[in-house]
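Numbers restart at 1 for each chain; the letters A, B, ... are given by sequence-line order, proteins then strands.
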There are 2 protein chains.
Amino acid sequence: MTVPDDPQRAPARGYVPLDEIDRVLARELVADGRATLAHLAATAGLSVSAVQTRVRRLESRGVVRGYTARIDPEAVGSMLSAFVAITPLDPSQPDDAPARLEQIPEIEACYSVAGEDNYMLLVHVESARALEHLLQKIRTAANVKTRSTIILQKFYGDRRHIPD
Amino acid sequence: MTVPDDPQRAPARGYVPLDEIDRVLARELVADGRATLAHLAATAGLSVSAVQTRVRRLESRGVVRGYTARIDPEAVGSMLSAFVAITPLDPSQPDDAPARLEQIPEIEACYSVAGEDNYMLLVHVESARALEHLLQKIRTAANVKTRSTIILQKFYGDRRHIPD
DNA sequence: TCTGAAACAGGCCAAGC
DNA sequence: GCTTGGCCTGTTTCAGA
């Protein structure tokens with residue numbers, strides 16, 4: 001008899017559930033990446049040293065991959081953001097688009113996706129003209145066609161949820 | 001620390017270019033959100049106090065909107081990520097989809113976009129079954145149709161470019 | 001793993017240029 | 001706006017439970 005799929009069941013590999021204290025610490029560090037150990041200790045109800053050990057463990061396990069400042073693109077002159085879906089023009093060629101595009105700084109993110117297109121990029125540029133130039137650069141660098149979706153407004157972003 | 005909304009803060013329209021030192025500091029804080037003032041000072045070739053003043057100014061101007069830990073979704077049990085494009089079923093109704101979806105924690109980001117669909121969401125769930133449940137929740141909460149694109153791999157993300 | 005204490009490093013602020 | 005310098009807070013390490 002086959003065991004039925006059970007959404008409750010823990011995923012098979014590469015994932016060890018965090019205990020409640022680690023989840024509290026991770027959530028606090030998402031909310032404030034510069035939170036002091038003293039503040040985390042007060043939040044978690046532990047001593048500073050115990051919290052330090054746990055935070056180091058979250059980092060070494062790869063749960064926390066690093067810390068970053070959240071930058072407002074418009075405040076640094078990137079007035080236009082877009083999703084750019086790309087698909088190779090020649091499917092018989094080896095597909096190394098992510099490597100070919102890695103050095104283009106306007107590309108914030110690159111995902112391979114299942115669906116009509118092969119990859120989805122998130123890009124930030126200063127103007128419509130800059131987007132035109134960027135798209136040409138992407139098309140020639142990776143031999144792809146592009147389909148762009150202009151972002152009008154970001155309602156929220158960077159909300160990283162730590163499930164129970 | 002999340003930088004609080006501050007009426008003093010310069011709106012993004014009326015963008016004032018950063019000087020070279022501020023760009024260096026912003027890039028360093030993107031690379032390491034917990035970089036010490038002493039490290040930033042060494043990088044920028046300034047005293048610690050001068051750097052402290054500049055970092056605070058970047059925060060109060062809204063260039064740096066806060067700091068956050070970068071979390072690996074798979075390490076916290078979110079094994080499946082997707083873009084979900086949504087469009088209201090009834091265009092005559094007021095469109096408050098972002099507000100209606102704000103409380104759903106699986107939604108990391110919500111953008112309004114120009115194109116075939118009205119909004120693009122980025123979501124993280126633990127399983128295909130959880131995605132099915134999330135999509136139903138989104139459809140009923142916002143009275144929208146959904147079009148999902150499964151993310152197979154994230155090649156890079158969270159690269160925030162500070163242009164010269 | 002936790003706590004607590006002591007030594008060290010970093011953040012903060014005022015005064016002067 | 002930058003620098004120096006003094007004070008205070010946060011971080012690190014270690015011994016002990």
Closest to side chain of B/Ser47, choosing from C/dC13, C/dA5, D/dC2: D/dC2
Expressed in angstrom and rounded to an integer, what is the separation of B/Leu29 atom CG from C/dG11 atom P? 11 Å
Using atom CG of A/Leu40 as one end and atom C1' of C/dT3 as the other, report the distance to the nearest whole Å. 17 Å
Verify the neighbour count for atom CD of A/Glu20: are there more than 12 heavy atoms of other residues, nucleotides or ligands below 6.0 Å? yes
Using whole Å, what does the distance between atom P of nucleotide C/dT1 and atom CD of A/Glu20 come to? 16 Å
Output a table of donor-acceptor pairs, distance under 3.5 Å, between side-chain atoms of residues 152-164 of chain A and any protein atom two or more places apart or on a different chain; print 'none' if there are none.
from	atom 1	to	atom 2	distance (Å)
A/Tyr156	OH	B/Pro98	O	3.1
A/Tyr156	OH	B/Glu102	N	3.4
A/Arg159	NE	B/Ile107	O	3.1
A/Arg159	NH1	B/Glu102	O	2.7
A/Arg159	NH2	B/Glu102	O	3.4
A/Arg159	NH2	B/Ile104	O	3.0
A/Arg159	NH2	B/Ile107	O	2.7
A/Arg160	NH1	B/Glu108	OE1	2.6
A/Arg160	NH1	B/His124	NE2	2.6
A/Asp164	OD1	A/Arg27	NH2	2.8

Looking at B/Asp19 and B/Arg54, is there a salt bridge between them, counting it only when a charged N and a carboxylate O are closer than 4.0 Å? yes
Angle separating the five-pair end axes of the helix from C/dT1-D/dA17 to C/dC17-D/dG1, nearest 10°, is 30°
Between B/Arg56 and B/Glu59, does any side-chain N to carboxylate O distance fall below 4.0 Å? no
Atom pair distance, as rounded to whole Å: CG in B/Asp32 and P in C/dG10: 13 Å
Of all the nucleotides listed (C/dT3, D/dG1, D/dG5), which has the minimum atom distance to the side chain of B/Ser49? D/dG5
Do A/Ile151 and B/Met120 share a hydrophobic cluster (ILVMFWY, side-chain heavy atoms under 4.5 Å, transitive)? yes
Would you say that more than 12 heavy atoms from the other residues, nucleotides or ligands in this model lie under 6.0 Å from the CZ of B/Arg139, or not? yes
Name the closest nucleotide to the B/Ala50 side chain, picking from C/dT3, D/dC2, D/dG5. D/dC2
With a 4.5 Å cut-off on side-chain heavy-atom distances among I, L, V, M, F, W and Y, is there a chain of contacts connecting B/Val24 to B/Leu58? no
B/Thr68 (side chain) donor-acceptor with A/Gly33 (main chain) under 3.5 angstrom: no
Pairs under 3.5 angstrom, nitrogen or oxygen only, protein versus nucleotides 7-11 of chain D, please.
from	atom 1	to	atom 2	distance (Å)
D/dT11	OP2	A/Leu37	N	2.7

